[in-house]
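Below you'll find the structure, written out as C-alpha cells, and then a few comments.
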Amino acid sequence: MEHKAIYKLCKGLGCCEACCLRYIGIKNPNAYENSINFVTKYNDENEPNSIEIKNNNESTTDNEKNTTMSSTKSETNKSNENNDNSIESTENVDETTIEVNNEVESNGRTSPPSKKRKVNICVSCLGVLQEDNWQEGFQMVKELLDKKGYECTTFACALSAPIATLLREKIITLNIVDEFPQYDAKVLTPLKEAWKWSFGVKLSAYINKTLDSGAVSPLLVTVNMDYTDDLQELEILKLVSPQLFEERRKQRRRFVTEFTRRSVEQALEKATLSSLKAAGAQLVAVRARGVCGYIKLSRNLPQSPWILDGKRVLPSSVQEIIFAPLAKCYKWEEADAERRLKLIAAGREDVDVRCLGDGRPFAVEITDPTRQLTDEELKEACKEISNSGQVIVKRIVPITREDLIQLKNGEETKSKTYEALCIKLSHSKYDTDHTSPVRVTPEDIDRINSYTNTDTDVRIAITQKTPIRVLHRRPLLTRNREILELTAELVPERPQLFVVRARTAAGTYVKEWVHGELRRSAPALRDVLAARADLLALDVAAVHLAWPPS
Amino acid sequence: MEYNILDSIDLNDSTIYKSFTDRYFSKRYILNIDGIKNNDIMLMFHSNRITLLCLAPSHFFFKRPDNYSLNFTVGEVDRLSNLVKGKGKKGGQMLTPKSVICKVQWSDGTSFNIPCCMKGTLIEINENLVKHPELLRQEPDSDGFIAIMLSSIAISEATKKELLNHEEYLKRVNSSL
C-alpha cells in the first residue's frame, strides 16, 4: 500500500496530520506524539504546503476562507473511579463527576494578521487531535485535579468524541477505497487511541501524573468533546438508513435518543459513498453564508413560495427572486437550488406589506457550496435581484455562524418602524360639527402626537389578543406590547387620510393596533383618535438591527 | 420620499375601503330560529374557519328600544369562564347548534336566548359586552360580536354551504317585509 498516496489523499480532503496517520494505519504511539514531524517523510520534496488538492467531495479549502467552521466546545468530565476492590481503599467508592465547560473557539477563516494564526480544523477528528486546541483542556483537567486533591500518582484517560466523527471517518474511508480499491478500512487507528497517545501523553506531563491504563489506575479522567453541529450533521443518516431510525422512533421508550454511537455505527455499516452523497453528506463543515437586507417593493409578494393545495397563489416570492441568480452562479437546477439554499430572515412581513429603508436583514445559507462566489458574482447577483423590480438587495457579504445568532436573536428583540396610511371613518367625540364630512383635523394630529399612557419612555403600552387571522394556529393569549415612538401627519388633498409613523417593540401586530380588531387590541390608534379608523396600506420603514455586522 | 406610501395603492379602488369584517369574513344567516319570527343570527366565517357569532341586522332585538342586560350564565355553565389552552384550543366549551351563548334580559323581565347555530368549540366571549352591553345594539356586525368559535374544516365548510349567504339573506328579508 502506498502510504504517501493515502497521506496525500487524506490531506487533500482536509485531515490533520494525526488523522492521516490513522488512515494509513500507523499504530506506533510515538508517531502521534509529534505527528507533524512524523509526516514530513510523506511530503514530496521540500514543499510541504503545496500539495495539490485532490478532492472528490466538492468541498475545498477554497471555501474555508470565508466560511464558518463550527466551533468546538470541549467539556471535561472527570470522574474518580475506584475500581479495584482492594480492602485498604479509603477513597470513596462512588463516582464523582464534575463538569467544566469551556468553549474552544476554532474557525478556519483567514484570521486578521494581528491574531495568532489558527490552523484549519481537521475534517475527520474535528480538532480532537490537533495540538492547538489542547491547552484549555489541560488547564481544565489540572484545575479540577488541584481542587479535588486526589493523591493518586497515576491516571487513565478516556475520550468521548463527537458522534459525527464516525460519519466523517466513514466518508473518508469510502473516499480512500474509491481511489485505492485494495485499501483495507480495518487498518484505521481508532480516534481514542491516537488521542491517548498524543493528548494523554502531554496531559501526563502537565498534571505530573503517570499515564496508565484504565484497568490499573483508580483515577479516570474523561474528556468530553462537544461539537455543536453534531446532531444536525447526523440527520442525513435518517435518509441513508430510514428503517433503522423509523424503528427507533417507534420504540421511543426504549431508545431515548435517536443518535448514539451504536445507532450511528449500525446506520453506517452498509453505507456506500454514493448513498451518503445522495443523502447530502458533506465532509467539511462548510456553509457559505451571504447576507444583507432585502427591500420589498411589492404588495403582492410573499417571503416564501405561497402554495395552497398544490397550487401557487402568487407567481413569485422574495426567496425565489433572491435564489435565482445564486443558483445560476452554481449552475444548479431549481430543485437543487431549493435544497441547497436557505433563506434566513429576521422575521417576515405580511404579503401586502412593503419593506423599505435598508430592508429586512436576511442571510442565505448555501449548503455544500462547490466554491466561493467572487465579489463580482455577488455584485452581479444583487443587480439581477434588483432588476426584478420587486426586491432590491444592495450588497451581499460573507458572514459567520456567530453573526447568524445575532440575526435570529434580533427577531425577538429588535424594534421596527412602520409607516401606515390610515383613514378616519367617523367623527371623533372631540369633533364639534358632526354634520360636515368626516375629516382629519389638526387637533386629531396633535392628539396622536402627544398621547401617552405610561410614565416611561414607552409612548403607549398596549395589550393585544392573538389576532383572529392567526388564531386558528396559535394559542389564544393576551400579550403586552409597546409603541415606542409615534407621530402623525395630515395628507394634503385627502382630508380623511393621515399617515402615522410608529416604532414598535418586536412582536407588535401593527394592523390590529391601528383598527383595534374588534377591540381585541387596546388602546388602539382608533381609541387615541376616539373615532373609527382603519388602515389602507402599511410599510416597514426600518428594521432596527445593525446588519450586516461590521 | 422615494417610495411614497400614497403612490403604492390605488386610492380610487373602492375595495381598499372595505371594513375590517367585510375584508376578512364571509357572512352567513339563519332566520326565524325555533320558529320565532326574526330570531335571526349572523355567522361570520374567516377564511381560516374562525367564526364570529353576531345578531343579524333583521333580529327583532333591534326593533325594541328598551334597556337590556346580558347574562352569560346558561344553566350551570358560565360562558365567561371559558378557557382555551395551546394551539389546539383545548378545554374550550363544546357547542352544538342549539347551545345558548348569551341571554338578553329586557328591563321588563322578559328575555330571549342567543344560540350559537354551529357545532364547534367556544374560543372567546366578547368581554367588552360585559362592560359595554350597548355595543350589541350599536355595532352588531363588528365590535358588538358575541363570541368567537372554531370548528373543524369539514363542519365549517358544510355549515357555510348550508346557510344563506348575504344576497339570499337580503332577498328573504326584503320579501318578508
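Here is the naming used below: chain letters follow the sequence lines, and residue numbers restart at 1 for every chain. Since the structure is predicted, the reported quantities are computational estimates derived from the model, not experimental observations.
For the side chain to side chain contact (heavy atoms under 4.5 Å, CB included) criterion with A:Ile468, the lone passing option out of B:Thr51, B:Ile123, B:Ile148 is B:Ile148.
Closest approach of B:Ile5 to A:Glu419, counting heavy atoms only: CD1-O, 3.4 Å. When all heavy atoms of A:Leu471 and B:Asn48 are compared, the pair lying nearest together is N-ND2, 4.4 Å.
Listed in order of number, the residues of residues 533-543 of chain A that approach chain B to under 4.5 Å between heavy atoms are A:Asp534, A:Leu535, A:Leu536, A:Ala537, A:Leu538, A:Asp539. At a heavy-atom separation below 4.5 angstrom, chain B is approached by A:Glu517, A:Leu518, A:Arg519, A:Arg520, A:Arg526 within residues 517-531 of chain A.
Under a cut-off of 6.0 angstrom, the local environment of NZ in B:Lys63 is crowded, with over 12 non-hydrogen atoms contributed by other residues, nucleotides or ligands. When the shell of 6.0 Å around CG of A:Asp358 is examined, it contains 12 or fewer heavy atoms from other residues, nucleotides or ligands. B:Lys119 NZ: 12 or fewer foreign heavy atoms inside a 6.0 Å radius. Atom CZ of A:Arg299 sits in a crowded spot, with more than 12 heavy atoms from other residues, nucleotides or ligands closer than 6.0 Å. Within 6.0 Å of CD1 on B:Ile153 lie no more than 12 heavy atoms contributed by other residues, nucleotides or ligands.
Using a 4.5 Å heavy-atom cutoff, the side chains of A:Leu497 and B:Leu11 are in contact.
If you measure heavy-atom distances from A:Arg354 to chain B, the contacts under 4.5 Å come from the side chain alone. Only the side chain of A:His515 comes within contact range of chain B, judged by heavy atoms closer than 4.5 Å. Heavy atoms closer than 4.5 Å to chain B are found in the side chain of A:Val491, but not in its backbone. For a residue to count as touching a neighbouring chain, one of its non-hydrogen atoms must lie under 4.5 Å from one of that chain's; by this rule B:Phe145 touches chain A with the side chain only. For a residue to count as touching a neighbouring chain, one of its non-hydrogen atoms must lie under 4.5 Å from one of that chain's; by this rule B:Ser47 does not touch chain A. Interface residue A:Leu297: only side-chain heavy atoms are found under 4.5 Å from chain B.
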- Task: Assess whether salt bridge (Lys or Arg N to Asp or Glu O under 4.0 Å) is satisfied between A:Lys465 and B:Glu127, documenting all intermediate values.
- Result: CA-CA 12 Å; A:Lys465 286 195 175 134; B:Glu127 288 165 5; 3.6 Å; yes
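Pairs engaging residues 73-88 of chain B under the side chain to side chain donor-acceptor pair (under 3.5 Å) rule: B:Arg79-B:Gln93 [sequence neighbours left out].
Interface remark: of the candidates A:Pro475, A:Ser298, A:Ala420, A:Pro475 forms the most heavy-atom pairs closer than 4.5 Å to chain B. The residue among B:Arg49, B:Arg23, B:Lys90, B:Glu139 with the most heavy atom pairs within less than 4.5 Å of chain A is B:Arg23. Contact tally against chain A (heavy-atom pairs below 4.5 Å) for B:Gly88, B:Ser8, B:Gly144, B:Ser142: the top residue is B:Ser8. Note: B:Asn128 leads B:Leu83, B:Asn128, B:Val84, B:Asn126 in heavy-atom pairs under 4.5 Å with chain A.
To the nearest 0.5 Å, atom CZ of residue B:Phe20 and atom CZ of residue A:Arg532 are 13.5 Å apart. Annotation: the span from B:Tyr3 atom OH to A:Lys296 atom NZ amounts to 13.5 Å, rounded to 0.5 Å.
When the ring-ring contact (aromatic ring centres under 6.0 Å, His included) test is applied to B:His59, the partners found at least two apart in sequence or on another chain are B:Phe112.
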